[in-house]
Amino acid sequence: MDERVRVEVEDRTLSLSNLGKVLYPETGFTKGEVIDYYTRVAPALLPHVVDRPLTVVRWPDGVGGKSFFEKNAPSHTPDWVRTVTLPVPGSSMNRGEIRYILIEDLPTVVWAANLASLEMHVPQWRVGPRGGVKPPDRLVLDLDPGPPADVVACAAVALLLRDLLVDDGLEPVAKTSGSKGLQLYCAVQASSDAQTSAYAKRLGERLENEHAKLVVSRMAKDLRPGKVFVDWSQNNAAKTTVAPYSLRARPLPTVSTPVTWDEIEACEDASDLRFTAPEVLERVRKSGDLFSPLLGAGRPIPVTRGGD
């Protein structure tokens, strides 16, 4: 039975459904708890997704059921939800368009969570007030471990990358992917995604040359077992990464969680950098938004690296 509850969220009235439905069977974490988590984490989440076209992964029957990516705003999207229509990223001659959702406020967060949008993904660029696409303002390095490597190996690579980024005048921050790996971000000033991708690729190649037993920067999957893949390609304008504070569709309600460099240095076991929704809410209560450095003015992308 589809039980609905009408709630007031700021100045909007929303109809929430199936709040008792279990979306994470292993722990019994319900849809109501998903909505509650996103409601409570919204003050930290919103600054990192505002003005960024949203892609969600919806799991209407929970993480054990079928899922689907959704870029286009559903036909039942309320008229108060901000949307922007843009060409399909990467399409030739701008063929096709997508009507994206933009999460700008708490009512939109709650509305999206009510659709069982467990995962929220955004690009490294924003749109302006009239929907114009801006150059990228974030650099990302996605560290993906090839088994038997795990997040402990990712932590070692993250520390190597941190030193290179700091040497280049950037201020890196880190978060867990909420799944297997880590992601490093920097607020940047860049002219294009080609510039951020080229710089990220140079970093990955340098680490692979210097630490060949630990790091790989090439795409071929047969090169990855036992190493950490530094995925520089996530800077492509057509790609998205999971937003900070987004849930992940794993057996546990884990979250893509901002972490400190002290936590990365101390990581000795994969469980050291695994955080669930209740734990993340407590972290935010105690420490605030550890990703807040990304909200400041970006620093220029280095054009070349010394010694290259």
Side-chain angles (χ1 to χ4, degrees), residues 38 40-52 54 103-104 109 120-127 134-143 151 154-178 181-191 193 195-197 199-200 202-204 207 230-232 234-235 237 239-246 248 255-267 272-273 275 279-303 305:
Y38 272 120
R40 294 167 63 189
V41 86
L45 166 73
L46 278 168
H48 299 290
V49 298
V50 69
D51 296 334
R52 298 184 191 273
L54 181 71
I103 291 194
E104 308 282 272
V109 172
M120 300 185 182
H121 298 247
V122 291
Q124 313 315 319
W125 47 271
R126 296 179 294 165
V127 296
K134 295 183 176 182
D137 60 350
R138 289 184 176 179
L139 172 84
V140 62
L141 292 154
D142 188 8
L143 308 184
V151 76
C154 290
V157 175
L159 293 170
L160 296 172
L161 281 169
R162 177 193 61 178
D163 292 344
L164 296 183
L165 291 163
V166 170
D167 285 348
D168 277 347
L170 301 178
E171 184 180 1
V173 291
K175 68 180 178 71
T176 71
S177 68
L182 290 174
Q183 295 166 342
L184 273 58
Y185 287 74
C186 300
V188 297
Q189 299 172 23
S191 59
D193 64 317
Q195 186 183 22
T196 52
S197 293
Y199 173 66
R202 290 199 300 272
L203 289 177
L207 279 193
V230 178
D231 189 353
W232 49 268
Q234 296 294 83
N235 294 282
K239 294 193 175 185
T240 61
T241 51
V242 66
Y245 305 107
S246 171
R248 298 307 303 266
V255 172
S256 183
T257 309
V259 292
T260 68
W261 287 109
D262 285 345
E263 288 176 309
I264 291 175
E265 289 175 351
C267 180
D272 293 338
L273 294 177
F275 304 99
E279 292 169 329
V280 169
L281 291 174
E282 181 63 14
R283 287 170 64 86
V284 172
R285 186 188 70 80
K286 287 185 175 180
S287 303
D289 176 20
L290 295 177
F291 242 40
S292 61
L294 282 186
L295 305 177
R299 299 179 182 179
I301 284 282
V303 177
R305 288 198 54 82

State, yes or no, whether a side-chain contact exists between [X] and [Y] at a heavy-atom distance under 4.5 Å.
{"X": "Leu170", "Y": "Tyr199", "result": "yes"}
{"X": "Met120", "Y": "Ile103", "result": "yes"}
{"X": "Gln195", "Y": "Val188", "result": "no"}
{"X": "Trp232", "Y": "Thr196", "result": "no"}
{"X": "Asp137", "Y": "Arg52", "result": "yes"}
{"X": "Tyr185", "Y": "Pro172", "result": "no"}
{"X": "Val284", "Y": "Leu290", "result": "no"}

Does the Asn235 side chain pair with the main chain of Ala200, one donor and one acceptor, at a distance under 3.5 Å?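 Checking the backbone N and O of Ala200 against the side chain of Asn235, no donor-acceptor pair under 3.5 Å is found.
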
Quick check against the 3.5 Å criterion: does Ser246 have a side-chain atom that pairs as donor or acceptor with the backbone of Pro244?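 Side chain of Ser246 to backbone of Pro244: no pair is present.
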
Who pairs with Pro293 by side chain to side chain contact (heavy atoms under 4.5 Å, CB included), at least two apart in sequence or on another chain?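 Glu171, Val173.
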
Strictly below 4.0 Å, N to O, side chains only: are Asp231 and Lys239 in salt-bridge contact?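 Salt bridge absent between Asp231 and Lys239.
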
Please identify each residue that fulfils salt bridge (Lys or Arg N to Asp or Glu O under 4.0 Å) with Arg162, with sequence neighbours left out.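 Applying salt bridge (Lys or Arg N to Asp or Glu O under 4.0 Å) to Arg162 gives Glu265.
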
